[in-house]
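Keep in mind that this is a model prediction, so the values were computed, not measured.
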Amino acid sequence: MRPSSNPMSLHLFLKSSGQFVGSSGLHNLNWEAGCFEIGYWLRTSAVGQGLMTEAVQGIVDWAAHHLDAKRLEIRCDPRNHRSQHVAEQAGFHREAVLHQNRSAQWA
């Protein structure tokens, strides 16, 4: 079964002010295999506060309990150390470096 192109998008807002600070969610949804990819983006002014790590951990818990997820993946550029740190803080472990990644094809 091909992954679904319809992502599940989430938006992050600060509790204190309601300011929009980022987005996250699940994409490359493979319902048959129970495999989903977590993606995220955070406004620069909100970096370093643990907000995205908290969001990713929440997505992991929700996907495990409500989607019966068997596998969750995070793919990020190996030069993006902040994104790698979020993944590590959320309990993910590097399995591979994809040298000819389908999402890294530039026109």
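For Asp68, the salt bridge (Lys or Arg N to Asp or Glu O under 4.0 Å) partners at least two apart in sequence or on another chain are Lys70. The ring-ring contact (aromatic ring centres under 6.0 Å, His included) test applied to His11 returns Phe20, not counting sequence neighbours. Partners of Asp77 under the side-chain hydrogen bond (donor to acceptor under 3.5 Å, both in side chains) rule, at least two apart in sequence or in another chain, are Arg79. By the salt bridge (Lys or Arg N to Asp or Glu O under 4.0 Å) test, Arg71 is found to be paired with Glu73, Glu95, residues two or more places apart in sequence or in another chain being considered. With sequence neighbours left out, Ala46 forms a side chain to side chain contact (heavy atoms under 4.5 Å, CB included) with Val21, Leu42, Gln49, Leu51. A search for side chain to side chain contact (heavy atoms under 4.5 Å, CB included) contacts involving Ser45 returns Arg43, not counting sequence neighbours. Under the side-chain hydrogen bond (donor to acceptor under 3.5 Å, both in side chains) criterion, Ser24 pairs with no residue at all, not counting sequence neighbours. By the side chain to side chain contact (heavy atoms under 4.5 Å, CB included) test, Leu10 is found to be paired with Ile59, residues two or more places apart in sequence or in another chain being considered. Partners of His66 according to the ring-ring contact (aromatic ring centres under 6.0 Å, His included) rule, which considers only residues two or more places apart in sequence or in another chain, are Trp62.
Side-chain contact between Asn30 and Phe36 is absent, with no heavy atoms from C-beta onward closer than 4.5 Å. Residues His85 and Thr53 fail the side-chain proximity criterion, which asks for heavy atoms closer than 4.5 Å. Inter-residue side-chain proximity for Met52 and Val47 is flagged as unmet; no heavy-atom pair is nearer than 4.5 Å. Side-chain contact between Leu67 and Trp31 is present, with at least one heavy-atom pair separated by less than 4.5 Å. No side-chain heavy atom of Glu37 sits under 4.5 Å from any side-chain heavy atom of Leu26. Between Ile74 and Val56 there is a side-chain heavy-atom pair separated by less than 4.5 Å.
Residue pairs satisfying the salt bridge (Lys or Arg N to Asp or Glu O under 4.0 Å) criterion with at least one member in residues 80-94, sequence neighbours excluded, are absent.
By the rule that hydrophobic residues join a cluster once side-chain heavy atoms approach within less than 4.5 Å of another member, Val86 and Leu14 end up as members of one cluster.
Here the closest non-hydrogen pair linking Gln84 and Cys76 is CG-SG, 3.6 Å. The minimum heavy-atom distance between Gln57 and Gln89, with the atom names listed, is NE2-O, 3.3 Å. Of all the heavy atoms in Pro7 and His27, the pair that sits closest is CB-CB, 3.8 Å. Between Ile38 and Val60, the shortest heavy-atom contact is CD1-CG2, 3.8 Å.
When atom types are taken as modelled, the side chain of Tyr40 and the backbone of Ser83 share a donor-acceptor pair closer than 3.5 angstrom.
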